[in-house]
Amino acid sequence: MSSSKNNKKAYLTVVGNAATPESFEPSAEIKKLWNAIYKNFQKEFGQAVYRSWLKPMTLQAYYHNTLEISVPTRFMKDWIQQNYAPRILEMCQEKNTDIKRLEVVVVQNAIVEEAQDEETASIPEQVKANANALAEEVALSSPLDPRFKFENFVIGQSNALAHAAALRVAESDSMPFNPLFIYGGVGLGKTHLMHAISWAYREKHPEKTVMYLSAEKFMFQFVKALRSQEIVAFKELFRSVDVLMIDDVQFISGKESTQEEFFHTFNALIDLNKQIIITADRAPTDLQGIDERLRSRLSWGLVADIQPSSYELRLGILRAKREMLGCDIPESVLEFLALKVTSNIRELEGALNRIAAHADVTREPVTLETTQNVLQDLLRSHDRKITIDEIQRRVSEHYNLKLSDMHSPRRSRNVARPRQVAMYMAKQLTSRSLPEIGRKFGGRDHTTVMHAVRKIEELIDKDPAIAQDCDVLRRALTG
Ligand code: ADP
Ligand code: MG
């Protein structure tokens with residue numbers, strides 16, 4: 001390390017208040033003292049702690065009886081200050097009673113960032129490797145999706161409890177419930193809520209450490225730590241966080257040693273009064289292949305489920321998403337999608353994105369027609385197999401008409417309008433083509449069907465009575 005001291009300033013990027021004026025350059029005596037202490041770290045704190053935390057500590061300056069030491073990240077700084085700084089100061093004072101304080105500062109990514117510069121040649125390889133390894137380790141927490149915030153989360157009956165619980169945890173200073181366990185099917189917003197908690201919590205408590213990772217990543221890190229005999233550092237790393245979020249915990253099932261470690265970490269964190277948030281695709285009691293103790297401990301706090309979404313919620317999400325996309329998509333298309341893509345909100349969003357992208361490329365307006373073409377493959381798998389006969393029956397009942405009126409050539413308004421509604425429904429709810437629909441309505445031309453569909457789309461926006469008729473019929477047909 002000492003060989004790099006002379007050119008250190010050339011490649012360190014100083015952040016915060018870590019500026020080191022020339023006059024604070026430590027004297028030869030202080031440098032010698034620091035080197036001696038540094039050498040003793042392994043003996044004093046053990047190999048694992050040394051490698052994970054203390055190794056990158058670098059003497060930066062000496063002023064007003066203060067020894068200034070730099071480390072590469074804020075996380076390390078906090079951890080060292082809390083856990084090792086007092087002892088290190090003692091060690092210094094044993095050698096020199098003038099030293100009164102130990103200041104740990106962050107000198108960020110110094111080595112990695114500037115390695116491309118002209119100073120590259122003078123940076124020892126070992127120093128570079130260390131910095132990389134550490135950067136990786138401290139970046140254990142997975143990145144957060146900037147779209148997954150509370151303000152982008154649409155609330156409905158199915159997710160109201162989970163949302164309220166998440167908000168409470170994010171905004172509360174104490175811990176309202178610990179752990180918070182959120183469960184529900186694929187694509188229903190579990191990860192979204194977790195990220196939202198993390199964003200909100202970080203904003204409110206910038207000084208706290210929030211770690212978010214998938215159960216798979218947790219397992220991977222655990223196994224890696226086992227192999228490289230860094231299990232002590234692993235435990236300390238996890239136990240040092242303020243909030244731990246583990247996503248999709250069902251993936252831990254069956255892996256005994258990981259479960260065991262997770263359980264211990266979990267208990268330790270709860271004992272230390274740290275917040276834990278967990279998601280899974282099912283309730284704690286239904287987690288198979290997970291140790292009974294762990295299952296029961298997981299349900300100690302609050303267990304909140306997310307139910308499959310309702311039509312209204314899906315429509316709400318689509319409307320919000322449309323606004324975000326800034327794309328001109330008619331209401332009838334949103335209704336159509338909310339009706340057709342029911343199982344998974346990720347898929348629903350995917351469908352909307354596809355339509356928007358298609359419109360953007362072709363510069364054509366979005367209609368029900370283009371939507372059905374663009375999403376053919378997706379829609380086929382979601383087809384509920386509603387028949388045109390069924391639609392005609394329901395519509396004629398609804399308007400007190402005879403079924404034969406659906407096929408008849410009569411054109412009076414009180415018959416023609418319901419017939420148009422039925423054609424519109426047929427287009428929306430079945431995958432029949434326009435000519436096929438036309439044939440089912442007394443052999444009408446496909447342009448007649450197209451006109452009917454457009455007319456009703458238009459009326460839904462303008463005439464609340466028609467909008468309500470369509471709504472009631474749609475429910476009856478799909479419910
Ligand atoms: P899960 O983790 O439950 O599988 P995600 O949280 O990844 O699901 O959600 C899938 C997609 O659906 C994400 O893009 C998310 O933003 C979106 N989503 C889910 N629920 C909602 C909601 N209530 N409001 C807005 N978007 C949602
Ligand atoms: Mg998820």
Side-chain angles (χ1 to χ4, degrees), residues 141-170 179-201 210-220 243-253 276-284 286-287 298 302-327 329 334-335 337-357 375 378 382:
S141 189
S142 301
L144 297 175
D145 192 315
R147 293 165 307 168
F148 291 1
K149 298 196 173 161
F150 279 120
E151 65 252 38
N152 297 329
F153 193 83
V154 183
I155 306 159
Q157 216 176 7
S158 52
N159 60 25
L161 174 65
H163 172 266
L167 202 60
R168 273 290 294 286
V169 166
L180 169 60
F181 189 105
I182 298 175
Y183 75 91
V186 178
L188 296 183
K190 301 183 295 293
T191 299
H192 188 136
L193 279 180
M194 263 207 173
H195 286 211
I197 295 173
S198 192
W199 284 117
Y201 191 87
V210 181
M211 188 174 315
Y212 163 83
L213 74 172
S214 67
E216 272 172 315
K217 193 164 176 191
F218 179 87
M219 256 164 39
F220 172 77
V243 181
L244 176 64
M245 305 186 171
I246 307 255
D247 206 353
D248 287 323
V249 83
Q250 73 273 7
F251 288 125
I252 285 188
S253 60
I276 298 186
I277 303 156
I278 307 267
T279 72
D281 66 351
R282 63 203 82 173
D286 297 335
L287 284 167
L298 285 172
L302 182 79
V303 177
D305 65 338
I306 303 186
Q307 291 288 325
S309 56
S310 64
Y311 171 77
E312 280 75 20
L313 177 61
R314 291 194 296 276
L315 192 58
I317 291 172
L318 287 170
R319 284 179 183 146
K321 185 90 188 169
R322 170 175 63 186
E323 198 156 305
M324 266 162 70
L325 288 170
C327 191
I329 300 173
L334 299 191
E335 287 170 6
L337 289 177
L339 198 72
K340 285 287 189 175
V341 187
T342 54
S343 64
N344 179 326
I345 289 162
R346 189 173 301 124
E347 216 167 63
L348 189 65
E349 286 186 346
L352 194 69
N353 286 335
R354 262 165 76 181
I355 296 164
L375 300 179
L378 180 75
H382 287 273

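Start at 1 and go down the list; that is how both ligands and their atoms are numbered. All of these numbers come straight from a predicted model, not from anything done at the bench.
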Candidate list Leu339, Ile355, Leu352, test side chain to side chain contact (heavy atoms under 4.5 Å, CB included), partner Leu334, passing option:
Leu352
In this structure, CE of Met194 is separated from OH of Tyr212 (nearest 0.5 Å) by 6.5 Å
Quick one: pull up NE2 in His195 and CG in Leu193 and give me the separation to the nearest 0.5 Å.
10.5 Å
I'd like to check which ligand 1 atoms, numbered from 1 as shown, lie under 4.0 Å from a non-hydrogen atom of Gly185.
3 (O)
For Asn159, the ligand 1 atoms whose distance to one of its heavy atoms is below 4.0 Å
23 (N)
Hey, does Lys340 have a side-chain heavy atom less than 4.5 Å from the side chain of Leu378?
no
What residue and atom, counting heavy atoms only, is the protein's closest point to [atom], and at what distance?
{"atom": "atom 7 (O) of ligand 1", "result": "Arg346 NH2, 2.8 Å"}
{"atom": "atom 16 (O) of ligand 1", "result": "His192 ND1, 2.7 Å"}
{"atom": "atom 12 (O) of ligand 1", "result": "Ile345 CG2, 3.2 Å"}

Within the 4.0 Å heavy-atom cut-off, what Glu349 brings close to ligand 1 is side chain
Test your reading of the structure: does Gly189 have an N or O sitting under 3.5 Å from an N or O of ligand 1?
yes
Answer yes or no: does an N/O atom from Val154 fall short of 3.5 Å to an N/O atom of ligand 1?
yes
Do Thr191 and Asp247 get their side chains close enough for a donor-acceptor pair, meaning under 3.5 Å?
yes
Which of the listed options, Asn152, Leu318, Asn353, Thr191, holds the heavy atom that is closest to atom 2 (O) of ligand 1?
Thr191
Just going by heavy-atom distances, which of Val186, Asp145, Leu313, Ile317 is nearest to atom 22 (C) of ligand 1?
Ile317
Residues, nucleotides or ligands: over 12 heavy atoms within 6.0 Å of Glu151 CD
yes
With a sphere of 6.0 Å drawn around CD of Glu312, does it hold more than 12 non-hydrogen atoms of other residues, nucleotides or ligands?
yes
Residue-ligand contact Gly187/ligand 1, heavy atom below 4.0 Å:
yes
Does Met194 bring an N, O or S atom to within less than 2.8 Å of the Mg ion (ligand 2)?
no
Please state whether the rings of His163 and Phe150 are parallel, tilted or perpendicular, taking 30° and 60° as the class boundaries.
perpendicular
